[in-house]
Amino acid sequence: MKLFRCCLAIIWLFALIWLLNSRMGIIPPLGKIFSPATGFWQNAERRKGAEPAIFRQENIAADIVVRYDLNRVPHIFAGNDHDLYFAQGYVTAKDRLWEMEMSVRKASGTLAEIYGNQALGSDIFYRRIGLRYEAGKTFDSLSSDPIVKGMLEAYSEGVNAYIKTLRTAEFPVEYKIFDCRPAQWQPYYALIILKLMGEQLTGGESEFSEANAYRQMKPEALKELEQRSDDPYPVIPRNTPWDFKPLPLPTPPGGNPRNGRDSGSLHRTDDGSIVGSNGWVVDGKRARSGYPILANDPHMGLSFPSLWYQVQLNSSGVNVYGVSIPGIPCVIIGYNKNAAWGLTNTKADVSDWYHIKFKDISRNEYWYSGQWNKTTRRVETLHSRDGRLISDTIFYTRQGPVIYDGIMHRNRVYGGYMGPADGFALNWVLLYTSNDLKAFYLLNRADNYADYRKAVGYLSCPAQNVLFACADGDIAVVASGRFPIRYKGQGVSILDGSLRQDEWHGWIPTDEVPAIKNPGSGYIASANQKLTDSTYPYFIGGTFASGQRAYRLNTRLSSMSGIDVDSFRLLQMDSYSELARQVLPTMLARLDRSGVTVDARIRAALGTWDFRYSSKSVAATVFDAWWNGLMATSNIKNISSPQKETLDDLVATTFSAAIDKLIRQNGNLSPLWGWGSARHLGIGHISGIPAFGVMNFQAGGAPNTVDALTDRFGPSWRMIVELGPQVKGYGILPGGESGNPGSFFYDNSFAAWQSGKLEKLVFLNTRDERSDQVTSTITFKK
């Protein structure tokens, strides 16, 4: 009996050891997590700067010095490009390795290897659009550009040099939670992440919903929609002359190009209408300093760690400060001693969906130009850590890869709207080889307008409005990217994959894209509105912003003089709603005559509201709920609805519904109805770990205000740069430099970002420059 008990105890001991060191579904290996030697305890970091350190590296040409400032921003000083980008890869991986790998895995369709079967749907989609496949082809094409290829290789060497130093105890905590090890970095991974950014900024499937909506509209409603007026404040000012002779435009096939094939519910959730940015610049005549000032705040998905990573890069021929994207070399948005630039999304449509008719379910042939044509194919094998193995065949047509087909998707997602021999193919600028990184390499070194124009000519996708200012006094914006030449309306809806006329017809020449230099107004403002007025000779479709932010920016900038950095800071935090100003008085007048009982306190708050989405505003909360309800009720289907319901009826019923909803969510009227409290803002961790995010913080701003903050999107980096004899930069991240939740620098800037403050950025001119902002130094020695 004693022997039996002893054996049973040993069995239980080994079973417990096995359980504590094994992942059980979503539960991490608790023994590893709580191990004092290798667990999460080892990821704690002290706030104080580390002692000077020296690292030996065989594959660098000379010493590299990295100086860290009070916010743990690395300032890298190297003697050549290779060493500069080697160090950038090393220090970025040191702070953001998990984020870098997850970006690559998402775009590559390998998340299921970490997260299991729940990620297979995403993996299949990204394998089919082929970002990793196309990034590999793009990298191969860079043999003709040794500068960019060498930069990618040096950055990769730096990432791997850091990974090589890691002991298990030093793995980022997410690797411990998900029980995996860092993968070796490949040079083309940066291109995968760049294409992922392109997908997030240009990806969308609005053509499917557009097709359905337009098919349900009455002809007179469609005609009215087609005749909408120009945006009063396009990015390129109205009546700007076009100093070029445009290429001839193609002729559309017969019929209304908007009335494409009915695609049922065939579309993913499209957040593209939310992803935007603000950027503006004034010349020296409007600035107190006499030199241009540039402001930029890209509105992207908010997360921990942040999308952006601050860095200064200094080597022969370059000294630049700004933000990079972890995993990608160079500074993406930033400034040097002579110039500054910022980015806003053009919102241009650079992808088209085509209905493909296959001969049969083998999908070996498809109908095009009056005959059956052969498809080509690529087989992808997907692995899940749950043990599932999927082999997926991607079929290619002239119009691109087939993303959705009537075999895999007919019954699972799209409700039977496709027959077995149907498919939808995607043609996208992302699927063409390009050299986008050359644009940022050159922008980092740009001193003047000529340098800037040369640099932005390399941008392909995502198409960006690149705002520019230099100490010489020039200000400019170029809608930089590769835009297909289309007939008017082409690509707004689903296109016919069998028609040659529905294909793209070449590219708008680089020197004919929308652009302006030194406008007479003395300022330029970009807020994702339309690029041009109707005089621009080419058709550039897109899901442009409504123009409310652009209207506010233009009206404010046109009345401002003696502008300084704080003027721009306050403008970045402007929560005034042009939408509310325009529509609320009419809504209230109709509500008052409807006879609906309205709480006097709510009516008074709405009647005296200053139209600002401030954190404590109850009126902002009520208006937002009311307006959203009104828009949901007055959706596009009602345009052709036979039901007769007056606008007064809609205003009254949606107001009552909004108040009922707010009471259910927040109780009776109280300070909890304040805008900051009622909307429950939160920023989560990229891996969905609740404890690593910030939940229920309060802030002002709304999607239709300059401070365009929502529950998931908002100013992911605020920057203001004042040019002059000594350039001055100011910026803030909604978090911190570190991706380690155990670090003080994980979220040290969050409170300042939340309250609208900016931090003065440390721009060092030389490696040995004295600065009380520098707290520690590391040196790489050969």
Side-chain angles (χ1 to χ4, degrees), residues 69-71 73 277-299 308 310 312 319-323 331 333-344 467-477 521-527 549 552-576 699-701 705-709 714-734 749 751-765 771-773:
D69 67 27
L70 288 168
N71 285 314
V73 176
S277 301
N278 293 325
W280 61 88
V281 58
V282 296
D283 63 20
K285 295 178 182 178
R286 287 187 172 270
R288 179 174 299 174
S289 67
Y291 289 89
I293 307 177
L294 180 144
N296 190 206
D297 55 298
H299 305 151
W308 304 102
Q310 293 185 70
Q312 181 176 1
N319 187 18
V320 61
Y321 186 108
V323 286
V331 164
I333 296 172
Y335 63 96
N336 57 43
K337 66 178 182 179
N338 294 318
W341 68 95
L343 306 178
T344 68
L467 291 113
F468 176 80
C470 63
D472 291 346
D474 291 327
I475 63 172
V477 66
S521 64
Y523 71 87
I524 301 168
S526 173
R549 282 185 290 122
R552 178 64 176 171
L553 284 175
N554 277 271
T555 54
R556 291 289 295 118
L557 289 169
S558 65
S559 64
M560 294 170 70
S561 60
I563 297 169
D564 59 16
V565 169
D566 202 52
S567 304
F568 273 11
R569 182 189 68 81
L570 293 173
L571 187 52
Q572 285 183 332
M573 298 304 298
D574 189 325
S575 64
Y576 185 89
T705 70
V706 175
D707 183 17
L709 181 62
S716 58
W717 162 246
R718 294 193 186 107
M719 181 187 76
I720 299 173
V721 180
E722 184 179 67
L723 279 304
Q726 296 293 326
V727 65
K728 299 175 183 177
Y730 303 82
I732 196 77
L733 286 174
S749 295
W753 173 88
Q754 180 186 359
S755 61
K757 297 178 181 178
L758 295 175
E759 295 168 344
K760 187 173 183 180
L761 305 176
V762 180
F763 186 84
L764 301 175
N765 291 290
S771 173
D772 57 6
Q773 299 295 302

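Atom set for the values below is all heavy atoms of this structure, side chains included, hydrogens, waters and symmetry mates excluded.
Here the straight-line distance linking atom OG of S521 with atom OH of Y523 works out to 5.0 Å at 0.5 Å rounding. To the nearest 0.5 Å, atoms OG (S277) and CG (L467) are separated by 10.0 Å. Separation of atoms CG (N338) and CG (D472) is listed at 7.0 Å; rounding is to 0.5 Å. Atom CD1 in I475 sits 9.5 Å away from atom CG in L294 (nearest 0.5 Å). Rounded to the nearest 0.5 angstrom, I732 CD1 and Q754 CD are separated by 11.5 Å.
By the side-chain contact (heavy atoms from CB on, under 4.5 Å) test, L570 is found to be paired with D566, residues two or more places apart in sequence or in another chain being considered. Every residue meeting the side-chain contact (heavy atoms from CB on, under 4.5 Å) condition with K757, not counting sequence neighbours, appears here in chain and number order: A752, S755. Remark: F763 pairs with Y335 by the ring pair (Phe, Tyr, Trp, His ring centres under 6.0 Å) rule, at least two apart or across chains. For S561, the side-chain contact (heavy atoms from CB on, under 4.5 Å) criterion is met by no residue, not counting sequence neighbours. With sequence neighbours left out, W308 forms a side-chain hydrogen bond (donor to acceptor under 3.5 Å, both in side chains) with S716. Applying the side-chain hydrogen bond (donor to acceptor under 3.5 Å, both in side chains) criterion to N319, with sequence neighbours excluded, gives Q312, N314. The side-chain hydrogen bond (donor to acceptor under 3.5 Å, both in side chains) search around N278 returns D297, H299, R549, not counting sequence neighbours. Not counting sequence neighbours, the partners of S575 by the side-chain contact (heavy atoms from CB on, under 4.5 Å) test are R612, Y613. Under the side-chain hydrogen bond (donor to acceptor under 3.5 Å, both in side chains) criterion, T705 pairs with no residue at all, not counting sequence neighbours.
Put simply, the side chain of W717 never gets that close to the backbone of Q310: no donor and acceptor are under 3.5 Å apart. Using modelled atom types, one side-chain atom of D574 and one backbone atom of Y576 make a donor-acceptor pair closer than 3.5 Å. A donor-acceptor pair under 3.5 Å is absent between the side-chain atoms of N296 and the main chain of M719, judged by distance alone.
Between L709 and G700, the shortest heavy-atom contact is CD2-O, 3.6 Å. The minimum heavy-atom distance linking P715 with A708 is given by the pair CD-O, 4.1 Å. The two residues L764 and S771 make their nearest non-hydrogen contact at CD2-CB, 4.0 Å. Residue F568 comes nearest to A295 through the heavy atom pair CD2-CB, 3.7 Å, listed as atom of the first residue, atom of the second, then distance. When all heavy atoms of A469 and V281 are compared, the pair lying nearest together is CB-CG2, 3.7 Å. In plain terms, the two heavy atoms of L723 and A471 that are nearest each other are CG-N, 4.0 Å.
A salt bridge is absent between D69 and K760: the closest approach of a Lys/Arg side-chain nitrogen to an acidic carboxylate oxygen does not fall below 4.0 angstrom.
Side-chain contact between V762 and L70 is absent, with no heavy atoms from C-beta onward closer than 4.5 Å. Proximity of E759 to S749: side-chain heavy atoms (C-beta onward) are separated by under 4.5 Å at one or more points. Inter-residue side-chain proximity for R718 and D707 is flagged as met; some heavy-atom pair is nearer than 4.5 Å. For the pair I293/I720, a side-chain contact is recorded, criterion being any heavy-atom separation below 4.5 Å from C-beta on. Looking only at side-chain heavy atoms (C-beta outward), W280 and L571 come within less than 4.5 Å of each other. Looking only at side-chain heavy atoms (C-beta outward), M560 and V282 stay at 4.5 Å or farther from each other.
Applying the salt bridge (charged side-chain N to carboxylate O under 4.0 Å, His left out) test to every pair with at least one member in residues 277-290, sequence neighbours left out, gives these pairs: R288-D564.
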### Message
Go through it in stages, so that I can follow the logic: the residues are W341 and V331, the test is side chain to side chain contact (heavy atoms under 4.5 Å, CB included), and I'd like the CA-CA distance, side-chain angles, deciding distance and then a yes or no.
### Response
CA-CA 10 Å; W341 68 95; V331 164; 4.1 Å; yes
